[in-house]
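Notes for the one structure printed next.
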There are 2 protein chains.
Amino acid sequence: MALEHAILVSLLEQPGSGYELARRFERSIGYFWTATHQQIYRVLKRMEGESWIDAREVAQQTRPDKKEYSVTALGRSVLTQWLHEPIAPESVRHELAVKIRGAAFDDPIALIREVERHRQAHADRLARYLAGERRDFTGPEAPAAHDAGQELQHVVLRGGIAYERMTLAWLDDVIATLHRLGPQA
Amino acid sequence: MALEHAILVSLLEQPGSGYELARRFERSIGYFWTATHQQIYRVLKRMEGESWIDAREVAQQTRPDKKEYSVTALGRSVLTQWLHEPIAPESVRHELAVKIRGAAFDDPIALIREVERHRQAHADRLARYLAGERRDFTGPEAPAAHDAGQELQHVVLRGGIAYERMTLAWLDDVIATLHRLGPQA
DNA sequence: TCCTTCTATGCAACTCGTTGCATAGACAAG
DNA sequence: CTTGTCTATGCAACGAGTTGCATAGAAGGA
């Protein structure tokens with residue numbers, strides 16, 4: 001399971017509350033892992049019970065109080081151990097591809113709108129990734145000196161960018177193929 | 001849930017037993033969806049109970065008897081309906097990327113072997129995909145005439161190939177980045 | 001004033017997916 | 001002759017992930 005480890009990495013990069021973690025999972029960590037707040041709160045509770053992290057109550061004026069979590073020495077050693085274990089190469093789950101092969105038993109033309117919708121979603125994600133890259137790494141406002149953590153964040157972001165670019169090109173191929181099949185289907 | 005729909009598509013392409021489906025999920029369907037035999041048998045049972053598919057007992061001499069499933073008219077209409085519903089653009093889950101960002105809190109050099117192992121796994125997959133493409137679509141032995149189903153299978157396979165190529169290039173980038181960081185880490 | 005959004009945390013129920021185990025005959029290699 | 005692999009199906013238990021709901025104060029817009 002990687003959610004716990006993704007949380008450990010994120011809290012090492014910057015301590016924070018469950019709510020803040022949930023927002024990071026919509027942004028930078030979302031490049032490679034997703035999680036809802038319910039999942040995060042549940043796992044945080046378990047991780048605190050196992051003393052991988054500890055909580056500090058932070059009172060706030062205009063906003064509800066929050067619990068800020070930090071990684072303990074034990075949590076850090078748990079992460080280190082996991083980093084040294086091999087993991088299985090990830091397996092793909094692409095629901096849209098199921099639909100594309102299913103289109104052989106339906107109307108290929110009808111699927112084009114759906115594929116275009118997905119294309120738009122990926123184009124939006126790519127734009128967000130590129131904006132983030134300019135802001136944090138390549139733009140004129142970006143910090144000049146990069147430590148190891150930033151270099152690694154950047155290479156992961158480059159992976160997200162490459163993924164979205166590849167997906168856009170493939171979806172164009174899919175749309176062209178569906179168009180070609182349309183008339184005689 | 002797409003497993004049911006992936007099974008419907010696969011059984012429409014070719015009726016078969018749970019065991020045969022499990023093997024297809026290691027091959028062509030595995031380009032975009034994975035499932036173990038336990039999952040498949042369980043879902044087949046449910047689908048049969050809902051009359052989306054029906055089973056035919058096939059006695060075999062040298063091998064155990066099997067149940068060959070086919071899609072019913074109801075199953076086909078369930079698939080058609082699903083094809084016309086929008087689905088959410090897929091979300092990424094890349095455990096290796098968690099490790100890469102985690103390497104900032106450990107030894108980047110130690111991660112190189114693991115990344116190279118993944119690179120090899122993706123290179124192997126790409127080779128299998130390309131062999132399948134030559135066999136079924138682009139090679140001299142491939143059937144000349146392609147119907148809609150084959151065109152759609154091919155475009156999905158092209159997606160798998162593009163994904164593996166993109167991943168290989170990215171993993172090279174990752175390895176180079178880890179090497180650069182090694183010395184001063 | 002009311003409606004919505006944002007911050008912040010959480011429970012309960014459910015479905016999906018994984019892991020370990022079990023059965024059982026056929027066949028091939030050592 | 002024993003060990004391992006392949007075909008073929010399945011149960012049980014667990015862990016991961018989703019969906020719906022609930023609370024509650026602050027801020028901002030219609």
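All chains are named by letter (A, B, ...) in the order of the sequence lines, taking the proteins before the strands, and each is independently numbered beginning at 1. The figures that follow rest on heavy atoms only: side chains count, while hydrogens, waters and symmetry mates do not. The shown structure was predicted, so the numbers you read here are calculated from the model rather than taken from an experiment.
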Checklist entry - Salt bridge or not for B/Arg117 and B/Glu114, using N-O below 4.0 Å? => result yes
Checklist entry - Quick one: which of C/dC11, D/dT9, D/dA8 gets closest to the side chain of B/His37? => result D/dT9
Next on the checklist: Assuming nearest nucleotide by heavy-atom distance, tell me which of A/Thr36 and B/Gly18 is located more 5' along DNA chain D.
Outcome noted: B/Gly18
Checklist entry - Under 4.0 Å between a side-chain N or O of B/Ser17 and OP1 or OP2 of D/dT9? => result yes
Next on the checklist: Is there, by distance only and without an angle test, a donor paired with an acceptor across the side chain of A/Arg42 and the base of D/dG15 below 3.5 Å?
Outcome noted: no
Next on the checklist: Please report the distance, rounded to the nearest Å, between CD in A/Glu20 and C1' in C/dC6.
Outcome noted: 13 Å
Next on the checklist: Show me the pairs that pass side-chain hydrogen bond (donor to acceptor under 3.5 Å, both in side chains) and involve residues 80-89 of chain B, at least two apart or across chains.
Outcome noted: A/Asp106-B/His84, B/Gln81-B/Glu85
Next on the checklist: Using ring centroids (six-membered ring only for Trp), state whether B/Trp170 and B/His94 fall under 6.0 Å.
Outcome noted: yes
Item to check | Rounded interatomic separation in angstrom, taking CZ from B/Arg24 and P from D/dT7 | outcome: 14 Å
Checklist entry - With under 30° as parallel and over 60° as perpendicular, where do the rings of B/Phe137 and B/His154 fit, or are they tilted in between? => result parallel
Checklist entry - Between B/Tyr19 and D/dT9, is there a side-chain N or O to OP1/OP2 distance below 4.0 Å? => result no
Checklist entry - Whole Å only: how far is the CZ atom of B/Phe25 from the C1' atom of D/dA8? => result 17 Å
Checklist entry - Between atom CG in A/Leu21 and atom C1' in C/dT9, what is the gap in whole Å? => result 13 Å
Checklist entry - So does B/Lys45 get a side-chain nitrogen or oxygen closer than 4.0 Å to the phosphate oxygens (OP1/OP2) of D/dG10? => result yes
Next on the checklist: Just the rounded figure in Å: distance from P of C/dA8 to CD of A/Glu68.
Outcome noted: 11 Å
Next on the checklist: I need the CG-C1' distance between A/Leu44 and C/dA8, as an integer number of Å.
Outcome noted: 13 Å
Next on the checklist: Can you work out whether B/Tyr41 or B/Arg93 has the more 5'-proximal nearest nucleotide on DNA chain D?
Outcome noted: B/Tyr41
Item to check | Pair listing, salt bridge (charged side-chain N to carboxylate O under 4.0 Å, His left out) test, anchored in residues 14-24 of chain B, at least two apart | outcome: B/Glu20-B/Lys66
Checklist entry - Can you tell me if the side-chain N/O atoms of A/Arg23 get under 4.0 Å from OP1 or OP2 in C/dT7? => result yes
Checklist entry - What is the distance from CZ of B/Arg46 to P of D/dT9, rounded to the nearest Å? => result 18 Å
Checklist entry - For B/Lys67 and D/dG10, is the shortest distance between a side-chain N/O and OP1 or OP2 below 4.0 Å? => result yes
Item to check | Any B/Gln38 side-chain N or O less than 4.0 Å from OP1/OP2 of D/dC11 | outcome: no
Next on the checklist: In whole Å, I'd like the distance from the CD atom of A/Gln39 to the P atom of C/dC14.
Outcome noted: 19 Å
